[in-house]
Amino acid sequence: MKKTTRAKQRHPRLVDIAALANVAPMTVSRVINGSGYVSVKMREKVQRAIDKLEYHPNALARGLKSQRSNVIGILVPDIQNPFAAELAGSVQEAMLERGYTAFLATTEQSSKREHASLSAFFDHRMAGIAVATVDTPAGDESLERFARRGMPIVVVGRNAAPAGIDRVTADHWKGAYQAVEHLIALGHKRIAYIGGSPKTAGRLRRFHGFLEAMGKHGLTVPEELIAGPDHESGPGFSRQADGYEAMQRLLSLPHPPTAIFARNDFTAFGAMSAARDRGIAIPGEVAIVGFDNVPQSAFTIPPLTTVAQPTREQGREAARMLLDRIEGRAERGQLEVCLECKLIVRGSTVARAHGRRGAPA
């Protein structure tokens, strides 16, 4: 059987459109870019030629000429996490309203992937970058380098922003503080933190809010009650498996905790699963609080008490800040916005009146 090949069609150029429409290339350029005067009749004539040739402008070539494209980069740790997905979606939605499109990249807990993604965004002349990864020294160094070279950047959810970079976040410290005070008010004293090791947990404002609430009430937190992954080499995020493993270890202690504050909802889901596997009643024998209020948290058994952070609002605020930098409207200096969190009390800490056991002291 004879193999046939299809010739590759050359991408039409401005001169091809001009020849078909019988106009000057400059007229075609004005129509495509929306600049300069072109009569309605002439514009329609050029548009018919564009449609017939199926011409699509080369965004990269236009970016090379103007030193700026209409594309932004969004960097998140893991798109499977609903928080990251909702955040990226809200940034993209806000940018689309202003005529920008977005490219998305994930780090998957790798500093090398984070740097490679940032480099690719810069090399392809993105108009700006929104970054929602955990801060690390290597990541901050990369961001500072690209910011010095003129790249508009906004970071989301970080404890602090590198020099010259705008930041939008939620008040993670206060949200964690309120969650732990809720557990203490229920009578819990031996409260564990799941989501990081004693060496790494200190990077997070949520952990500091946990410690401050415990300290205010004269409660100590021994290292054995701080359990989770040890991601010192990259922008790590605690996941469901991390919560499961940490909870198994905590329940094996001679004096296990009566309550858990989890770094995020997925860590809490893993902790709940480990407790069920051990036959431990929630919240009768152990109460569990998460953070983020992802959609699944309302549908666990029992429903998860959690701290809701305004994810969509953070995404839209990040987009606004980025647009102001890209389009030259932002004030000089570093800008920061911090939004409020809210405790959502559900069945993983407060059982129904007819079935609740008292919290152990």
Side-chain angles (χ1 to χ4, degrees), residues 4-75 87-105 117-131 146-154 165-166 168 312-313 315-332 335 337:
T4 59
T5 58
R6 184 178 177 181
K8 185 177 180 181
Q9 186 176 359
R10 180 174 62 84
H11 185 78
R13 301 168 298 174
L14 264 63
V15 292
D16 300 321
I17 299 169
L20 182 60
N22 196 26
V23 298
M26 180 60 72
T27 302
V28 177
S29 178
R30 287 177 176 175
V31 172
I32 291 172
N33 295 311
S35 60
Y37 173 76
V38 180
S39 69
V40 174
K41 184 177 180 180
M42 190 67 72
R43 189 179 299 277
E44 291 175 348
K45 186 178 181 182
V46 170
Q47 189 60 53
R48 285 195 296 271
I50 289 173
D51 294 342
K52 185 173 183 178
L53 293 175
E54 298 181 342
Y55 172 81
H56 186 79
N58 187 322
L60 181 58
R62 293 169 72 180
L64 290 170
K65 183 177 180 180
S66 66
Q67 296 300 306
R68 195 190 79 188
S69 69
N70 282 340
V71 181
I72 66 151
I74 303 175
L75 185 63
L87 180 72
S90 62
V91 172
Q92 184 176 34
E93 181 182 84
M95 299 301 291
L96 282 171
E97 293 172 0
R98 298 291 294 273
Y100 291 81
T101 56
F103 283 170
L104 180 68
S117 296
L118 291 172
S119 297
F121 287 159
F122 187 86
D123 292 344
H124 285 80
R125 287 176 168 78
M126 297 288 164
I129 306 173
V131 179
F146 293 129
R148 287 195 300 269
R149 295 167 69 181
M151 174 64 73
I153 300 172
V154 60
I165 294 175
D166 296 334
V168 59
R312 290 191 63 80
E313 290 83 353
R316 295 193 69 85
E317 187 64 26
R320 183 194 65 77
M321 296 171 80
L322 198 56
L323 281 166
D324 284 349
R325 288 293 179 195
I326 292 169
E327 298 176 358
R329 293 187 301 273
E331 300 174 4
R332 291 184 177 181
L335 302 177
V337 172

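Just so it is clear, the values below take in all heavy atoms, side chains as well, and ignore hydrogens, waters and symmetry mates. Along the sequence shown, the residues carry numbers beginning at 1.
Taking CE of M42 as the reference point, atom CG of N22 lies at 8.5 Å (rounded to 0.5 Å). From I326, atom CD1 reaches atom CE of M95 across 4.5 Å, with rounding to the nearest 0.5 Å. Here the straight-line distance linking atom NE2 of H124 with atom CZ of F103 works out to 8.0 Å at 0.5 Å rounding. A distance of 11.5 Å separates CG in N70 from CG in L96, rounded to the nearest 0.5 Å.
At least one side-chain heavy atom of R316 sits less than 4.5 Å from a side-chain heavy atom of E93. Residues L322 and Y100 are not in side-chain contact: their nearest non-hydrogen atoms beyond the backbone lie 4.5 Å or more apart. You'll find the side chain of M126 reaches within 4.5 Å of the side chain of V71, heavy atoms only. Under the 4.5 Å side-chain criterion, counting only non-hydrogen atoms from C-beta, V46 is not in contact with R43. Put simply, the side chain of V131 reaches to within 4.5 Å of the side chain of L118, judged on heavy atoms. Side-chain contact check for R325 versus I153: every heavy-atom pair is 4.5 Å or farther apart. Annotation: side chain of V91 is in contact with side chain of I72 (closest heavy-atom distance under 4.5 Å).
A salt bridge links D16 to R13: one of the charged nitrogens lies within less than 4.0 Å of a carboxylate oxygen.
Between L335 and M321, the closest heavy-atom pair is O-CE, 3.6 Å. Here the closest non-hydrogen pair linking A102 and I74 is CB-CD1, 3.9 Å. The heavy-atom pair separating A319 from A94 by the smallest distance is CB-CB, 3.5 Å. Here the closest heavy-atom approach between residue A147 and residue I165 is recorded as CB-CG1, 3.9 Å. Of all the heavy atoms in V15 and P25, the pair that sits closest is CG1-CG, 4.4 Å. Taking each heavy atom of V154 and A318 in turn, the nearest pair found is CG1-O, 3.7 Å.
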Problem set entry | E317 vs R320, salt bridge (Lys or Arg N to Asp or Glu O under 4.0 Å): CA-CA, chis, key distance, verdict | CA-CA 5 Å; E317 187 64 26; R320 183 194 65 77; 2.4 Å; yes
For this session: Step by step, work out the side chain to side chain contact (heavy atoms under 4.5 Å, CB included) result for L53 and L20.
Result: CA-CA 9 Å; L53 293 175; L20 182 60; 3.9 Å; yes
